[in-house]
Structures are given as structure tokens and as C-alpha cells.
*Asks:* 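Below is a structure I'd like to ask you about.
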Amino acid sequence: MTPETVADELDEVLIGADELRQRVQELADEIAADHDGKDLLFVGVLRGAVMIMADLARAMPMSVEMDFMAVTSYGYARQSSGVVRILKDLDTDISGRHVVLVEDIVDSGLTLSWLLRNLESRDPASLEVCALIRKPEAVKVEVPVKYVGFDIPNEFVVGYGLDYRQRYRNLNVIATLPTAD
């Protein structure tokens, strides 16, 4: 879906489709260079990371395994509650594996902090984070994000996997919605 399709519902396009494609390729190149010769597992956080993880995996010049977790801390709100629930756990044992956790967005860091502690307890050989979007101004808990697609202002964004009430995930850009009254 293009921004023109829902132009009357969006406020501003922050990151265009071409910019997203280019940055995802750069991230894939960085990850591949850092993990040359390693058996790599991408763990995507559903549902938002589906787009970035699929495009990232396709851009990789090496084979990667993929698995998914589903966690929630938002529900239908625009801000994280900070209370994390696992809705779907991994099917893969990550013990001794080189894992890259693929996230759509890191804002407060609360969910990611919890998730990293949970995955570290499973004894991976290495655990790094790749996030498409990071909001430095929103950070409440510092988390190590090795691979960052874009730093953006502390605004609520949709598109490229990010949603509002399950809408806009298939938008091919990152955009803001009008401010709620």
C-alpha cells in the first residue's frame, strides 16, 4: 500500500520506500560482515517485525534461519504499558546459537529489555539487536541495539510493519498519523 492510498489518513511521511530499501540492504551487509562463517538465526518479534525481517533475510548474502516470538505490551494503545506477555514463544532452541533479534521499533526500551533478559537466559552464543526504528528521546531503559535503521523523533509512526489498531502495517513507508484529540 502506498501513502497515496491513505493520504487523507496520514500526517507526514518520515521515511520513504526507497530509503527503507536502501537502509535494509545496508543493515544486511553489516550483519553479514559481522557474522561471516557463523550459523545465524534471526528472531523476529511479531507482528511488527515481519516486513523488516523478511526484507532483511532476502538481502542477506548468506543463509539465515528464522523464528518468531509474539509479545505484547501495547494492546490497542499508542504507548507501551511496560507489562510484557509472551503470546507465541520460539520453536527453535537458541542455546549456543548466534541470534539477531529483529525489532520493528524501540521506543521506551521496556519491552526489549525484558525480551533480552528472557532470551539471554536461554544461553545463546551471541545475542544482538537489529531495530528498524529507534526513538532516542523516548528511552526509559537503555538497551544495546547494535544495528539501527533510523533514529526518529518521539512520534507515533505507522507503516512497514508498524500499525495502529492493526491498520497500516502494509504501508510501504514510515509515516505519522494526525495527533489524536
Side-chain angles (χ1 to χ4, degrees), residues 1-3 12-71 90-109 111-113 115-116 118-120 122-139 141-155 157-163 168-176:
M1 177 170 65
T2 65
E12 176 186 4
V13 173
L14 296 180
I15 305 167
D18 290 339
E19 210 177 345
L20 283 166
R21 272 192 296 277
Q22 180 180 344
R23 186 63 185 128
V24 169
Q25 183 61 61
E26 292 168 358
L27 289 169
D29 293 344
E30 290 175 41
I31 293 168
D34 290 349
H35 294 87
D36 188 34
K38 295 180 182 170
D39 181 25
L40 191 57
L41 172 67
F42 280 173
V43 171
V45 182
L46 294 172
R47 298 180 191 156
V50 168
M51 302 297 185
I52 176 68
M53 188 151 132
D55 287 348
L56 192 61
R58 282 192 293 261
M60 292 292 291
M62 58 193 274
S63 182
V64 294
E65 246 183 89
M66 295 186 286
D67 200 350
F68 292 92
M69 287 185 84
V71 298
L90 294 173
D91 295 321
T92 307
D93 178 5
I94 67 169
S95 177
R97 301 289 306 271
H98 296 281
V99 177
V100 174
L101 179 64
V102 180
E103 272 277 27
D104 54 353
I105 191 164
V106 177
D107 47 26
S108 71
T111 302
L112 182 56
S113 173
L115 195 50
L116 286 171
N118 180 288
L119 293 175
E120 274 294 341
R122 301 177 194 204
D123 200 28
S126 66
L127 177 60
E128 296 166 335
V129 177
C130 175
L132 176 65
I133 302 289
R134 181 175 60 184
K135 296 181 184 178
E137 297 167 16
V139 171
V141 176
E142 289 292 332
V143 287
V145 181
K146 183 167 185 177
Y147 309 100
V148 178
F150 302 91
D151 281 331
I152 65 168
N154 189 15
E155 298 182 58
V157 291
V158 295
Y160 202 69
L162 298 157
D163 76 297
Y168 309 108
R169 284 191 197 279
N170 61 326
L171 186 61
N172 68 349
V173 300
I174 302 290
T176 58

*Asks:* Please give me the minimum heavy-atom distance between A49 and V102, naming the atom from each residue.
*Replies:* CB-O, 3.3 Å
*Asks:* Could you tell me if the side chain of I31 sits less than 4.5 Å from the side chain of L40, heavy atoms only?
*Replies:* yes
*Asks:* If you measure from CD on E155 to CD1 on I133, what distance do you get to the nearest 0.5 Å?
*Replies:* 11.5 Å
*Asks:* Checking L132 against M51 for the side-chain contact (heavy atoms from CB on, under 4.5 Å) test, could you report, in this order, the C-alpha distance in whole Å, the side-chain angles of both residues, the deciding distance, and whether it holds?
*Replies:* CA-CA 10 Å; L132 176 65; M51 302 297 185; over 6 Å; no
*Asks:* For the atom pair CZ (R97) and CG (L119), what is the distance rounded to the nearest 0.5 Å?
*Replies:* 13.0 Å
*Asks:* Quick one: closest heavy-atom pair of H98 and S126, and the distance?
*Replies:* ND1-OG, 2.8 Å
*Asks:* For a side-chain contact (heavy atoms from CB on, under 4.5 Å) with P124, tell me which candidate from V99, V43, D93, L41 qualifies.
*Replies:* V99
*Asks:* How close do A28 and P61 get, heavy atom to heavy atom, and via which atoms?
*Replies:* O-CD, 4.5 Å
*Asks:* Is there a donor-acceptor pair closer than 3.5 Å between any side-chain N or O of R122 and the backbone N or O of I94?
*Replies:* no
*Asks:* Looking only at heavy atoms, which two atoms of P3 and V13 are closest? And how far apart?
*Replies:* CB-CG2, 4.0 Å
*Asks:* Strictly distance-based, threshold 3.5 Å: is any side-chain N or O of D67 a donor or acceptor partner for the main-chain N or O of D91?
*Replies:* yes
*Asks:* Nearest 0.5 Å, what's the CG-CZ distance between L20 and F150?
*Replies:* 5.0 Å
*Asks:* Is there a donor-acceptor pair closer than 3.5 Å between any side-chain N or O of T176 and the backbone N or O of E12?
*Replies:* yes
*Asks:* Mind checking the SG-CG spacing from C130 to L27? Nearest 0.5 Å is all I need.
*Replies:* 4.5 Å
*Asks:* Just how far is it from atom CD1 of I152 to atom NZ of K135, taken to the nearest 0.5 Å?
*Replies:* 5.5 Å
*Asks:* Who are the side chain to side chain contact (heavy atoms under 4.5 Å, CB included) partners of D151, not counting sequence neighbours?
*Replies:* R134, P136, V148
*Asks:* Look at the aromatic rings of Y147 and H35 and report parallel, tilted or perpendicular, splitting at 30° and 60°.
*Replies:* tilted
*Asks:* Under 3.5 Å, is there a donor-acceptor pair between the Q25 and D29 side chains?
*Replies:* yes
*Asks:* Determine, stepwise, if the pair L112 / V145 fulfils side-chain contact (heavy atoms from CB on, under 4.5 Å).
*Replies:* CA-CA 10 Å; L112 182 56; V145 181; 4.0 Å; yes
*Asks:* Applying the side-chain contact (heavy atoms from CB on, under 4.5 Å) test to Y160, which of L171, N170, V24, V173 qualifies?
*Replies:* V24
*Asks:* Output all residues satisfying side chain to side chain contact (heavy atoms under 4.5 Å, CB included) with R58, sequence neighbours left out; order by chain, then residue number.
*Replies:* A54, D55
*Asks:* To check you understand the geometry: which heavy-atom pair defines the closest contact between D163 and R169, and what is its length?
*Replies:* OD1-NH2, 3.1 Å
*Asks:* Looking at D104 and G161, would you say the former's side chain and the latter's main chain have a donor-acceptor pair under 3.5 Å?
*Replies:* no
*Asks:* Quick one, T111 with V45, criterion side-chain contact (heavy atoms from CB on, under 4.5 Å). Give me CA distance, side-chain angles, the key distance, then yes/no.
*Replies:* CA-CA 11 Å; T111 302; V45 182; over 6 Å; no
*Asks:* So, taking the atom named CG in L101 and the one named NZ in K146, what distance separates them when rounded to the nearest 0.5 Å?
*Replies:* 14.0 Å
*Asks:* Please report the closest heavy-atom contact between I174 and G159, naming both atoms and the distance.
*Replies:* CD1-O, 3.4 Å
